[in-house]
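In what follows, a structure is listed as structure tokens, so that the remarks can point back to it.
Only heavy atoms go into these numbers, but all of them, side chains included; no hydrogens, no water, no symmetry mates.
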Amino acid sequence: RCQQLTRVMQRLGLLPIFLLGAIPSPVFDVGGLIAGALRMKVWKFVLAAWAGKAIRLGVTAWACQSGIPLLEQLFKQ
């Protein structure tokens with residue numbers, strides 16, 4: 001699997017880092033190691049990882065905020 005991820009990162013550059021940051025997965029750590037081995041520029045890696053994680057955490061926050069009124073309705077009955 002690491003070889004497949006390495007080939008994908010060589011071919012697509014920052015997109016895999018963005019996608020790995022956007023989903024909760026331990027594979028992100030492997031992606032970070034491969035990015036280092038491929039000598040990806042740190043600022044590019046950080047920017048792509050930040051963007052992916054910002055989207056994931058934004059969706060998580062929205063889902064939690066939207067779910068609170070629903071939970072309140074369920075527990076009031």
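In plain terms, the two heavy atoms of L20 and G31 that are nearest each other are CD1-CA, 4.0 Å.
With sequence neighbours excluded, the residues forming a side chain to side chain donor-acceptor pair (under 3.5 Å) with W62 are S66, listed by chain and number.
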For residues 42-60, run the donor-acceptor check on the side chains, cut-off 3.5 Å, and write out each pair with its distance to 0.1 Å, sequence neighbours left out.
{"from": "R56", "atom 1": "NE", "to": "G21", "atom 2": "O", "distance (Å)": "3.3"}
{"from": "T60", "atom 1": "OG1", "to": "R56", "atom 2": "O", "distance (Å)": "2.9"}

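Contact of the M40 side chain with the I34 side chain is not registered, since no non-hydrogen atoms from C-beta on lie closer than 4.5 Å.
One hydrophobic cluster, built from ILVMFWY side chains closer than 4.5 Å, cannot hold both F18 and I23; they sit in different ones.
One finds the CZ atom of F28 at 6.0 Å from the CD1 atom of I17 (value rounded to the nearest 0.5 Å).
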